[in-house]
Each structure stands twice: as C-alpha cells, then as structure tokens.
> 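Before I ask anything, here is the structure I am working with.
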Amino acid sequence: MTASKSRPTTNGAGSVDDDLTARRREEITLGACAVFDERGYANTRIADISAHLGIGQGTIYRYFTGKDDLMESIIGYAVRRLLEAMREDPSLTSQSARTATQFTEQITAVARRLLEMAAQEQILIRVLLTQAPAVRADAVDQLTDQLSAATAVYLDRGVENGYLRTELDTSAIADAMTGIAVPAMRRVLRGQLDAAAREATARAIGQLIAHGATA
C-alpha cells in the first residue's frame, strides 16, 4: 500500500499557519506604518488601514486588537530591523577587531548602517521616532537601549583585546554613540544628509568614539 503524503501542519511551532500568520502580520504592520506616517496616529482609523491594504477590517482584527497593538508591532519590527542592519556586515559578527584602527572602522560601519537604514526605510524609522512615543512614551528609549547594548558588545571586545582602555565604562561610551547616531538619523529623515554627508557623519562618529576609547 502506498504511503500517503504527509500534510502540512496547520498549528504548532514551525507550522504552515505560523509562517502565514507571520507574513500577514508583517504585511498589516507595514501597511499601518504607511498610514500612520501619512495621516498621523491620532487621525488614523482601522478603516483607513484596511482601505490602504485592500482588506476587510475583520482581517486586521484577526491579527491585532487595535491601533495600539499595531503600533507595538511597528516598534518591535523597527527595532529588530535596525539591530539586523547593524550586524549585516560580516566583519561585525564573524570577526572581532584586533587593533584600534580596525575598531574605528567597526564603529564607523555600525554608524553607517544606522544612517543608511534611516535613508532606505524612512517611513518605518520616522514612525518609530515621531509617532510611536504618542502611544508608548518609552518607544525611543527601547530603541536607544538596544542599540547601546549592541554597541557595548564591540567595546567590551576591545577592552578584552587590549586596544581599548581597561578602565573604560563601555556602557557609557555606547550610550554616547547612540546619543549621537539617533539625532543624525533624524537629520537623514529631514533630508539634511545626502549619501556623502551620511558617510562623513558615520566616519566622524567612528573617530570620535574611538578617540575617547582607545588605549
């Protein structure tokens, strides 16, 4: 007797339904983000989002409880994308810098990717920085805390490898870099930094942080 083909699972971890749900949630999240950017969070209704996406309001409510839930999804998605962008360069993940010069390039690359992310996904980053705090006051704090934590990893490695000062407060330096990078991202959103200016800004951030941190 021929064995029957196994059918795709429709529930449980890793199931087909999980994948479909994740894709649909992302689609609705990005659609809501575009509408929030265009109309403003306060002026947006679920009906506006459903019209933008061409789906029924009931479909949105199948995945989200309302506007606040949608904004929470946008915040989480944006923070994940920014952290992924920081780590896209293999040199930042597979190799640790061994010299102060390599460290400067590493931090410059982190800053460059944050600014490029702001340039390439302006709607997403603009909503995160300008609309999300109206729903959750700590939305930008969540972003800066996680960016700082990721940056501190590179600093800690530098201390371990001996090219950064042993007494360095890596958390404080990481906070300082984030405190420079996020306003620079806002300048990108305002159209004040073209590609050349973004590169110059990333290099200035890398040199500034390295100058204060290197042994």
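Sequential numbering from 1 along the given sequence is applied to the chain's residues. Note that the coordinates shown come from a computational prediction; the quantities given were computed from them, not determined experimentally.
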> Taking side chain as C-beta onward, heavy atoms only, is M71 less than 4.5 Å from R136?
no
> A202 and L115: which non-hydrogen atoms are nearest, and at how many Å?
N-CD1, 4.1 Å
> Who pairs with Q131 by side chain to side chain donor-acceptor pair (under 3.5 Å), at least two apart in sequence or on another chain?
none
> Please report the interatomic distance CD(Q146) to CG(D141), rounded to the nearest 0.5 Å.
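Answer for the CD-CG pair, Q146 versus D141, is 11.5 Å.
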> In the structure I gave you, are the side-chain heavy atoms of L155 and F103 within less than 4.5 Å of one another anywhere?
yes
> The criterion is ring pair (Phe, Tyr, Trp, His ring centres under 6.0 Å); which residues satisfy it with Y41, sequence neighbours excluded?
F36
> Between R81 and E84, does at least one N-O distance fall below 4.0 Å, as a salt bridge requires?
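The answer is yes: the pair qualifies as a salt bridge.
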> Looking only at heavy atoms, what is the nearest atom pair of L114 and A181, with distance?
CD1-CB, 4.1 Å
> Which residues pass the side chain to side chain donor-acceptor pair (under 3.5 Å) test with D194, not counting sequence neighbours?
none
> If every non-hydrogen atom of I125 is compared with every non-hydrogen atom of A118, which pair is closest and at what distance?
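Closest approach of I125 to A118, heavy atoms only: CG1-CA, 4.0 Å.
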> Roughly how far apart are I74 CD1 and I28 CD1, rounded to 0.5 Å?
11.5 Å
> Charged N to carboxylate O under 4.0 angstrom, E27 versus R24?
yes
> Hey, what do you get for OG (S50) to CD1 (I55), rounding to the nearest 0.5 Å?
7.0 Å
> Begin from the C-alpha positions of R190 and R187 and carry the test side-chain contact (heavy atoms from CB on, under 4.5 Å) through to its verdict.
CA-CA 5 Å; R190 292 195 294 267; R187 292 178 63 198; 3.4 Å; yes
> Might you confirm whether atom CD of Q57 has over 12 heavy atoms from other residues, nucleotides or ligands at distances under 6.0 Å?
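Yes, enclosed.
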> Can you give the donor-acceptor pairs under 3.5 Å from side chains of residues 171-180 to other protein atoms, not counting sequence neighbours?
from, atom 1, to, atom 2, distance (Å)
D175, OD1, S148, OG, 3.0
T178, OG1, S148, OG, 2.9
T178, OG1, A174, O, 3.1

> Check step by step if side-chain contact (heavy atoms from CB on, under 4.5 Å) holds for I75 and L128.
CA-CA 6 Å; I75 294 169; L128 174 65; 4.2 Å; yes
> Could you tell me the separation between the CD atom of Q106 and the OG1 atom of T101, rounded to the nearest 0.5 Å?
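Rounded to the nearest 0.5 Å, the CD-OG1 separation comes to 12.5 Å.
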> Give me the atom names and distance for the closest heavy-atom approach of R25 to Y63.
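Nearest heavy atoms, R25 then Y63: NH1-O, 2.7 Å.
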> Between V79 and Q142, is there a side-chain heavy-atom distance shorter than 4.5 Å?
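Q142 reaches V79 side chain to side chain.
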> Rounded to the nearest 0.5 Å, how far apart are CZ of R157 and OH of Y154?
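R157 atom CZ to Y154 atom OH measures 6.5 Å (nearest 0.5 Å).
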> Does K67 reach the main-chain N or O of I46 with its side chain, forming a donor-acceptor pair under 3.5 Å?
no
> Over all heavy atoms of both residues, which pair between L129 and V182 is shortest? Give the atoms and the distance, please.
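Scanning both residues completely, I find the closest heavy atoms to be CD2-CG1, 4.3 Å.
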> Hydrophobic clustering (ILVMFWY, side-chain heavy atoms < 4.5 Å, transitive) - are L143 and V153 grouped together?
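No.
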> Could you note down all residue pairs passing salt bridge (charged side-chain N to carboxylate O under 4.0 Å, His left out) where residues 44-62 supplies at least one of them, sequence neighbours left out?
R39-D48, R45-D48
> State, to 0.1 Å, how close T201 and A184 come at their nearest heavy-atom pair, and which atoms those are.
CG2-CB, 4.1 Å
> Yes or no on side-chain contact (heavy atoms from CB on, under 4.5 Å) for I107 and T151, after CA distance, side-chain angles and deciding distance?
CA-CA 8 Å; I107 294 300; T151 303; 4.3 Å; yes
> How long is the span from the CG atom in L193 to the CZ atom in R198, to the nearest 0.5 Å?
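Nearest 0.5 Å value for the CG-CZ distance: 7.5 Å.
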> Who pairs with E199 by side chain to side chain donor-acceptor pair (under 3.5 Å), at least two apart in sequence or on another chain?
R112, R203
> Walk me through it: do Q122 and V127 pass the test side-chain contact (heavy atoms from CB on, under 4.5 Å)?
CA-CA 8 Å; Q122 293 193 22; V127 169; over 6 Å; no
